[in-house]
**Q** 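Have a look at this one before I ask anything.
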Number of protein chains: 2
Amino acid sequence: MTRESARDRRELVSMTAGDPPVHPPADDEEARFLAAYDLAAFPRPSVTVDVALLTIVDGSFHAALVRRDEQPAMGRWALPGGFVRLDESLEDAVARVLRDKTGLHDVYTAQLATFGAVDRDPRGRIITVAYFALVPADRLAAELAAGARATLARLEVDEEGGSPGPVRAVGSAGPLPLAFDHASILGQAIGRLRGRLWYAPDAFALVPNEFTLLDLQGTYEAILGGRVDKNSFRRRILASGLVAPVGRRREGLRSRPAELFRFRPADAT
Amino acid sequence: MTRESARDRRELVSMTAGDPPVHPPADDEEARFLAAYDLAAFPRPSVTVDVALLTIVDGSFHAALVRRDEQPAMGRWALPGGFVRLDESLEDAVARVLRDKTGLHDVYTAQLATFGAVDRDPRGRIITVAYFALVPADRLAAELAAGARATLARLEVDEEGGSPGPVRAVGSAGPLPLAFDHASILGQAIGRLRGRLWYAPDAFALVPNEFTLLDLQGTYEAILGGRVDKNSFRRRILASGLVAPVGRRREGLRSRPAELFRFRPADAT
DNA sequence: AAAATAGTGTCTATGAGACACTATAGT
DNA sequence: ACTATAGTGTCTCATAGACACTATTTT
């Protein structure tokens, strides 16, 4: 069986809270008002998006980090991020940032939270809308290598009263100091992932298009940071209906071949 | 027994994601860079906070809404909100907005999500960080009447594929048309509340300081939009340890008096 | 005593955890 | 035959729902 490097795009729909509603059509008075309105009359902060781009390698979280080669925090490592442009939505900004800094397209993303402490960035008032993004390890390794601006770092997670505190990043050549509040954002991303795991299809975004139930179980265990009972897990996943057998097995290994499954979104027939 | 109008402040801690981390001290080079740095070189959107201030009256959600008496969306009804100032955190902005527009202090709040569609506000690019805030009905009614800038409207919630869609607001004199994307934000606030209900102490913020288990059950039923079994509910709540008997009963009604309980945060001994 | 609400006893259904067992490939 | 991993049978335990029952107050 050949490795599939191109994933099914339809599965990679963003889970982000939608922005559908549009204001009703303006009447004349409102139109006149708007023509004269100057938003710049109010002081404005800067707004960025920062993306915790996560994957699972060898049972532990890894994040794609970009080395800052400009001030501030020069030499430290940061989440892929950037200023939000006036003509793009937050989701568009996330997609652009991922494209430019990691070379990845069509990534599964969800909004995490917005961080607005006054002093979180030494340049001044910068509010950041943090997202997390999930990609299977093989795909991330392959596409990051091509881009080369970002590196993959293992995350060391300390529990802090039930949920993860700020994480430490470790690259192949040792610890990578993190910029700004990004250690905290990564910790919160992992905490959110844990909390949603059984209700959201997040784990399927971390696993290749075709996977065995033990692959998936390993992903759950990595996210939760603990073991999961095999039989119990299989019952739950199969009963959920979120998974459909491909009809093939993964052969060529030195033991009984495992059945391959594919993610089937809940809204499919 | 006398009505308690002042609630215990210690219970009203914000549940918002903290903003503790601060960048490390700048070295000389970074200090020089920062002195010359001009954030305004990048285009900046405007940023607001909007607060879905919710309570439960007669088993249904009500929200505090402010009539817009300026353009745009003049005459429509909006969530209490306002521009974030450069010297205040998001949580500070939420507290200020609640104080100025509704007269409330020390309210239980949590961040909901950030909405950044390019066209969500006709004035231009305005990103809003939405929060929800929860207050017991008696307190909200009393303090809102004093302020008088805001009104309390019943929310009609339509299910839309499992989670609430945009809501309709109904005041004492009929439907209140909502401004901007606020109908959608309110729907999402209710959806979030439902999802967190059994894991977060949200319901305790909607109930007076002292409450009976049937009061609390009614709150759960209102949030979930369905009935909850009495015995099952009591077992769960009592087993959770989040509730401590006051040692008194609510008497004077026309039936057997019910035992009063008080919320006890999980981190108490 | 009647009405009304508070609170409990108890059965059943569901599902998760534990863990030993069987199954099927490669070598 | 042996090893390694895939997959199942089955017991126990915890918990939620159903629902009828008892308890205690006011009128």
Side-chain angles (χ1 to χ4, degrees), chain A residues 1 56 58-59 194-200 203-204 207-263 266, chain B residues 1 56 58-59 194-200 203 207-208 210-263 266:
Chain A
M1 167 201 142
I56 306 285
D58 291 338
R194 281 187 191 161
R196 304 172 22 134
L197 185 56
W198 295 104
Y199 315 101
F204 298 106
V207 121
N209 212 330
E210 298 186 348
F211 52 86
T212 70
L213 291 186
L214 280 177
D215 290 342
L216 191 64
Q217 180 179 343
T219 301
Y220 273 71
E221 290 176 336
I223 294 173
L224 296 172
R227 299 209 60 85
V228 168
D229 180 74
K230 181 166 60 165
N231 197 0
S232 193
F233 179 78
R234 302 173 80 88
R235 277 185 308 219
R236 263 179 105 157
I237 295 296
L238 292 174
S240 75
L242 290 177
V243 116
V246 170
R248 275 176 291 117
R249 300 169 170 279
R250 178 187 290 165
E251 305 183 45
L253 277 58
R254 57 172 172 262
S255 74
R256 174 175 174 177
E259 181 156 25
L260 288 167
F261 291 84
R262 183 188 296 271
F263 173 53
Chain B
M1 166 199 141
I56 305 285
D58 291 336
R194 282 187 190 161
R196 306 174 17 136
L197 185 56
W198 295 104
Y199 314 101
V207 121
E210 298 186 348
F211 53 86
T212 70
L213 291 187
L214 279 177
D215 290 342
L216 191 64
Q217 180 179 343
T219 302
Y220 272 72
E221 290 176 337
I223 293 173
L224 295 173
R227 300 209 60 86
V228 169
D229 180 74
K230 181 166 60 164
N231 197 1
S232 192
F233 179 78
R234 303 174 80 88
R235 277 184 308 216
R236 262 179 104 157
I237 295 296
L238 292 174
S240 75
L242 290 177
V243 115
V246 170
R248 275 175 293 116
R249 298 168 170 280
R250 178 187 290 166
E251 304 183 47
L253 276 57
R254 60 175 171 262
S255 75
R256 173 175 177 178
E259 181 156 27
L260 288 167
F261 291 83
R262 184 190 293 273
F263 173 54

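In what follows, chains carry the letters A, B, and so on, assigned in the order in which the sequence lines appear, proteins first and then strands, with residues in each chain numbered from 1.
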**Q** Which listed nucleotide (D:dG9, C:dA6, D:dC19) is nearest to the side chain of B:Asn231?
**A** D:dC19

**Q** Does B:Ser232 make a side-chain N or O approach to OP1 or OP2 of D:dG17 shorter than 4.0 Å?
**A** yes

**Q** Distance-only, no hydrogens or angles: does the A:Arg262 side chain make a donor-acceptor pair with backbone N or O of A:Asn209 under 3.5 Å?
**A** no

**Q** I'd like to know if the side chain of B:Arg227 and the backbone of B:Glu221 have a donor-acceptor N/O pair within less than 3.5 Å.
**A** no

**Q** Both A:Arg236 and A:Leu253 contact DNA chain C. Which one's nearest nucleotide lies toward the 5' end?
**A** A:Arg236

**Q** Touch check for B:Leu213, heavy atoms < 4.0 angstrom, all strands: base, sugar-phosphate only, or nothing?
**A** nothing

**Q** Does a distance-only test, which skips hydrogens and angles, find a donor-acceptor pair under 3.5 Å between the side chain of B:Arg256 and the base of C:dA6?
**A** yes

**Q** So, under a plain 3.5 Å distance rule, would you say the side chain of B:Arg235 forms a donor-acceptor pair with the base of D:dG17?
**A** yes

**Q** Counting only side-chain N and O atoms of B:Arg254, is one of them less than 4.0 Å from OP1 or OP2 of C:dA4?
**A** no

**Q** Which is true for B:Glu259 with a 4.0 Å heavy-atom rule: it touches a base, it touches only sugar-phosphate, or it touches nothing?
**A** sugar-phosphate

**Q** Please compare B:Asp229 and B:Leu214 by the position of their nearest nucleotide in DNA chain C and report the one closer to 5'.
**A** B:Leu214

**Q** Measure the distance from CZ on A:Arg227 to P on C:dG17 and round it to the nearest whole Å.
**A** 13 Å

**Q** Are the side chain of B:Glu259 and the backbone N or O of B:Pro245 linked by a donor-acceptor pair below 3.5 Å?
**A** no

**Q** Quick one: A:Phe233 CZ to C:dA18 P, roughly how many Å, whole number?
**A** 15 Å

**Q** Counting only non-hydrogen atoms, which of residues 216-226 of chain A are less than 4.0 Å from DNA chain C?
**A** none

**Q** Separation of A:Leu260 atom CG from D:dA6 atom P, in whole Å?
**A** 11 Å

**Q** Do B:Phe263 and B:Val207 come close enough that some side-chain heavy atom pair is under 4.5 Å?
**A** no

**Q** Give the rounded distance in Å between these two atoms: CZ of A:Arg234 and C1' of C:dA18.
**A** 16 Å

**Q** Would a 4.5 Å heavy-atom cut-off, applied to side chains only, mark B:Lys230 and B:Leu213 as touching?
**A** no

**Q** Given 3.5 Å as the limit, does a donor-acceptor pair link the side chain of A:Glu251 with the main chain of A:Pro257, or not?
**A** no

**Q** Find the distance A:Lys230:NZ to C:dG17:C1' and express it as a whole number of Å.
**A** 14 Å

**Q** Looking at C:dT24, C:dA6, D:dT25, which one has an atom nearest to any side-chain atom of B:Pro257?
**A** D:dT25

**Q** Given side-chain contact (heavy atoms from CB on, under 4.5 Å), test B:Leu242 with B:Ile237 step by step and report yes or no.
**A** CA-CA 7 Å; B:Leu242 290 177; B:Ile237 295 296; over 6 Å; no

